[in-house]
There are 2 protein chains.
Amino acid sequence: MGSSAKEEARIADALCKAVLERKLAPGSKLPEEELAQIFRSNRAKIRRVLLLLSRSHIVTLEPGRGAFVSRPSPQEARDVLASRRLIEVSLLAHPYRKLSAQGAARLRQIMSHEAQAHAAHDAIAMIYLSGQFHLTLIEELGNKVLKSITGELILRMSLIITMYERQNTTCCLSSDHHDLLELLLAHDYAEASALMARHLEGIESCLDFQREPATTTILSQILQPLKD
Amino acid sequence: MGSSAKEEARIADALCKAVLERKLAPGSKLPEEELAQIFRSNRAKIRRVLLLLSRSHIVTLEPGRGAFVSRPSPQEARDVLASRRLIEVSLLAHPYRKLSAQGAARLRQIMSHEAQAHAAHDAIAMIYLSGQFHLTLIEELGNKVLKSITGELILRMSLIITMYERQNTTCCLSSDHHDLLELLLAHDYAEASALMARHLEGIESCLDFQREPATTTILSQILQPLKD
DNA sequence: TCAACCATTATTGTTTACAATATCAAGGCC
DNA sequence: GGCCTTGATATTGTAAACAATAATGGTTGA
């Protein structure tokens, strides 16, 4: 049976989720045998997953030393941020298609979940949902290719934020998402694009590339519960 | 010695080059053992390369059946084209930095090679150099992340063109590249962006998504000489 | 003659054991 | 006492054998 690729996707998704939720700190060692036990898999599959993740710049493979959660350099961080800004801002300014009623509904549903997470002070859920909002927006106004590209950039941004975030900052303003949707429904794409630019710049302004980030290497034991 | 990753990169590059040069037709079977012999490698390495290429959408892995050169659907083709257009057109309109003298020199060198290839009627070299021109432009005005993203899109476009190109069309107008550089040197980014849009639309207008493309499965023997 | 079935062959997928390398700790040397 | 060397241990990397699956071709029967 061809469940092999499925299982590897499951493992990769779990690792990506852990990165998104800031549970896996950049620099963390990812030992093959330990991962195989956690996910009740074997080294061969883990190895393939790590190889794939390395191509997404989520994991860095050091020959002979093993796999580590990537530590994007300040330059790489700036490039990732700028690239994401280019894609999202430009797409809003010149969307491939209008926002459909169905698309608006999808966005509204995510926003309601965001509100719930906000009320519950669930920071992890808010991070995840914010990403989902952006990805859904891109899929609705653009296409799946742009969505997949941006999905990778968002993943890398998660590492970047973990490494370079200033203390005491609340990064993602979910209120922006609400305003964004209003502007799109009013077909004011120019203003929506400008808001998106400010939105992303707001995130970037919370970063400080000066201080070399701490080498917080979280024990892989932390990600024990995500084996489902 | 850590030459393993190097060797795999060499094999992957060779395959990508074959795709760029339209030597490997979409749909071609890529048998592991045969590739291992061609590149004087072993199945394990070939397997890793194919896995990686599958992530770049260059190769499609069918469980139990093996690896094939991808055959992008019309929808995927449209999405890839639109994504590339978004990135390149937007970047020219709002470049991250001005074109440096060094950057202009790099572009001019590529253009001179293009002229040589044109004079020699070397269609393959022209395709490759056209891609290099675009990638260099993106690196000079943008950054390496955008360059790598666009590099993958260009690779996919190569498959798309092979599949859907109309008869009797000369796709890439190298004269556009010359005009583009002139506009950039004159700091007329708005016009440069518009020209880029027309340039890419010109390529797209040579495509016909109606006719189902032939299943031209070239023998892997064809790529024998690229084992260096 | 054509189609369906079965055996054969070839190719892919997985597991295992082994080899190479890096890490770590202890001991000796300066 | 600090630093380098050296051996033990753990982890990664590789190869090869094996199992599973799909393609092939030939045979049989209608």
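Sequence lines set the chain letters: A, B, ... in the order given, protein chains first and strands last, and positions in each chain run from 1. The basis for the numbers below is simple: all heavy atoms, side chains too, and nothing from hydrogens, waters or symmetry mates. What you see is a predicted model; the values in this text were computed from it and never measured.
Atom CD of B:Glu33 and atom P of C:dA10 are 12 Å apart (whole Å). Atom CZ in B:Arg47 sits roughly 18 Å away from atom P in D:dG13 (whole-Å rounding). With rounding to whole Å, A:Gln37 atom CD is found 13 Å from D:dA10 atom C1'. For A:Arg48 and D:dG13, the CZ to C1' distance is 15 Å, given to the nearest whole Å. We find that CD of B:Glu7 is positioned 13 Å from C1' of D:dG13, with the value rounded to whole Å. Straight-line distance from the NZ atom of A:Lys45 to the C1' atom of C:dT15: 10 Å, rounded to whole Å. For the pair A:Glu34 CD and D:dA10 C1', the interatomic distance rounds to 13 Å; values are reported in whole Å.
Here the nucleotide nearest the side chain of B:Glu32, chosen from C:dT12, C:dT15, D:dT12, is C:dT12.
Under the rule for a side-chain hydrogen bond (donor to acceptor under 3.5 Å, both in side chains), the partners of B:Ser56 that lie at least two apart in sequence or sit in another chain are A:Arg55, B:Glu152. Applying the side-chain hydrogen bond (donor to acceptor under 3.5 Å, both in side chains) rule to B:Ser41 yields the partners B:Glu7; only residues at least two apart in sequence or on another chain are considered.
Other residues, nucleotides and ligands contribute only 12 or fewer heavy atoms inside 6.0 Å of the CD atom of B:Gln109.
Remark: the A:Arg43 side chain and the D:dG13 base include a donor-acceptor N/O pair separated by less than 3.5 Å.
Within the structure, a side-chain polar atom (N or O) of A:Lys29 is placed less than 4.0 Å from OP1 or OP2 of D:dT12. In this model, the phosphate group of C:dT14 is not approached by any side-chain N or O of A:Asn42 to a distance below 4.0 Å at OP1 or OP2. Note on A:Ser4: every side-chain N or O is 4.0 Å or more away from OP1 and OP2 of C:dG13. Between B:Arg65 and the phosphate of D:dA23, there is a side-chain N or O to OP1/OP2 separation shorter than 4.0 Å.
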